[in-house]
There are 2 protein chains.
Amino acid sequence: MTISEVSEKYGLPPDTLRYYEKVGLIPPVTRKESGVRDYSEQDCGWVEFIKCMRGAGLSIETLIRYVALYRKGNRTLKQRKQLLIDEREKLQERIEQMQQVLKRLNYKIDLYEDRIVSCEKKLLS
Amino acid sequence: MTISEVSEKYGLPPDTLRYYEKVGLIPPVTRKESGVRDYSEQDCGWVEFIKCMRGAGLSIETLIRYVALYRKGNRTLKQRKQLLIDEREKLQERIEQMQQVLKRLNYKIDLYEDRIVSCEKKLLS
DNA sequence: TCTTGACTTGGAGCCAACTCCAGGCATTAT
DNA sequence: ATAATGCCTGGAGTTGGCTCCAAGTCAAGA
């Protein structure tokens with residue numbers, strides 16, 4: 001797959017795909033002899049994984065660490081697992097905080113509804 | 001309350017508090033005759049609200065719009081409510097996405113556990 | 001009165017994460 | 001053969017959100 005096809009498929013600009021590879025956010029992509037990128041299934045898998053994790057707010061720095069560990073092979077299994085556990089913890093906290101804010105927004109929206117209704121009553125009376 | 005007391009209370013640096021006020025993220029803070037900020041209850045309320053909303057990922061731009069509407073008075077009640085509804089929607093989507101990722105992390109962590117266990121078995125055999 | 005310390009402002013600097021660009025090579029279409 | 005298209009690289013520029021700094025003011029203590 002060419003870079004523009006991958007870009008299309010995952011909704012990430014080609015520049016971003018190149019950037020991700022350059023900084024080590026995804027392992028080096030397969031190339032044709034000419035040097036042009038030719039994404040394999042596995043390459044696409046990494047793109048999808050990174051897109052997904054970035055979407056949940058994991059930092060680029062963290063994901064670079066993860067990919068670097070992956071590239072060192074099987075002896076880093078425990079470290080990779082621990083990294084994911086740490087990130088899961090942070091993610092859980094973020095979700096809980098956001099759920100609190102969601103409640104607060106719901107409450108505030110209800111208050112606005114009340115105020116709008118009573119304002120309109122006043123105008124009609 | 002002085003800026004450093006408010007800073008202490010909400011865990012936001014004084015520079016950030018000034019920045020928030022400068023860009024209109026919170027309404028202008030009460031001042032002493034000397035020009036020094038003297039946060040009222042209401043001023044603190046705004047700081048707390050903005051800190052909370054920022055923590056959930058609402059953009060500064062959006063919150064500036066909200067505060068600007070607030071400052072225009074009661075005729076903007078409906079717009080403010082709509083703004084909050086829109087942000088609630090986005091927040092809900094972000095939470096759902098993050099919950100998906102949480103599931104995926106759980107799954108991946110379990111896979112790692114399996115791989116680590118079978119790796120250790122191999123070493124012991 | 002003079003110094004110290006907390007505050008003020010405007011503006012520059014910084015960091016994460018892209019995003020864009022110039023100059024160049026390679027394949028494809030005419 | 002040549003032009004157009006799509007890709008390449010290294011590096012500069014941009015955006016959001018702070019964060020820091022210099023130069024100045026003000027109130028309280030020695």
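In what follows, every chain begins at residue 1, and chains take the letters A, B, ... in the order their sequences are listed. Values below: all heavy atoms of this structure, side chains included; hydrogens, waters and symmetry mates excluded. Please read all numbers here as calculations on a predicted model, not as lab measurements.
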Out of [options], which nucleotide sits closest to the side chain of [X]?
{"X": "A:Ile3", "options": "D:dA27, D:dC7, C:dC18", "result": "D:dC7"}
{"X": "B:Asp15", "options": "D:dC18, D:dT19, C:dC20", "result": "D:dT19"}
{"X": "B:Lys22", "options": "D:dC18, C:dG10, C:dC18", "result": "C:dG10"}
{"X": "B:Pro13", "options": "D:dG17, D:dT19, D:dG10", "result": "D:dT19"}
{"X": "B:Ser4", "options": "D:dC18, C:dC18, C:dA6", "result": "C:dA6"}

Rounded to the nearest angstrom, tell me the gap between atom [atom1] in [X] and atom [atom2] in [N].
{"X": "B:Lys51", "N": "D:dG17", "atom1": "NZ", "atom2": "C1'", "answer": "16 Å"}
{"X": "A:Leu63", "N": "C:dC18", "atom1": "CG", "atom2": "P", "answer": "10 Å"}
{"X": "A:Leu12", "N": "C:dC18", "atom1": "CG", "atom2": "P", "answer": "8 Å"}
{"X": "B:Asp38", "N": "D:dA27", "atom1": "CG", "atom2": "P", "answer": "13 Å"}
{"X": "B:Ile50", "N": "D:dG16", "atom1": "CD1", "atom2": "P", "answer": "17 Å"}
{"X": "B:Leu17", "N": "C:dA6", "atom1": "CG", "atom2": "P", "answer": "17 Å"}
{"X": "B:Met1", "N": "C:dC7", "atom1": "CE", "atom2": "C1'", "answer": "16 Å"}
{"X": "B:Tyr39", "N": "C:dC7", "atom1": "OH", "atom2": "C1'", "answer": "11 Å"}

Is there a side-chain contact between [X] and the phosphate of [N], meaning an N or O under 4.0 Å from OP1 or OP2?
{"X": "A:Tyr20", "N": "C:dA17", "answer": "no"}
{"X": "A:Tyr19", "N": "C:dC20", "answer": "no"}
{"X": "B:Thr16", "N": "D:dG17", "answer": "no"}
{"X": "B:Arg37", "N": "C:dT8", "answer": "yes"}
{"X": "B:Arg31", "N": "D:dT25", "answer": "no"}

ask   = Would you find more than 12 non-hydrogen atoms of other residues, nucleotides or ligands less than 6.0 Å from A:Glu61 atom CD?
value = no
message = Judged by each residue's nearest nucleotide on DNA chain D, which is more toward the 5′ side, B:Ser59 or B:Ser34?
response = B:Ser59
query = Pick the nucleotide of DNA chain D nearest each of B:Arg18 and B:Glu33; which residue has the one closer to the 5' end?
reply = B:Arg18
key: Residue pair B:Ser4 / B:Ser7, side-chain donor-acceptor N/O under 3.5 Å   =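 There is no such pair between these side chains.
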query = Does the side chain of A:Asp43 pick up a donor-acceptor pair with the side chain of A:Thr30 at under 3.5 Å?
reply =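 Result is yes, a qualifying pair exists.
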query = Ring centroid separation for B:Tyr112 and B:Tyr107, is it under 6.0 angstrom?
reply = no
request  = Could you tell me if the ring centre of A:Trp46 sits under 6.0 Å from that of A:Tyr70?
outcome  = yes
key: Ion pair A:Glu21/A:Arg37, N-O distance below 4.0 Å   =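 A salt bridge links A:Glu21 with A:Arg37.
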inquiry  = Nearest heavy atom decides the nucleotide; on that basis, is B:Thr2 or A:Gly57 closer to the 5' end of DNA chain C?
reply    =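 Of the two residues, B:Thr2 wins.
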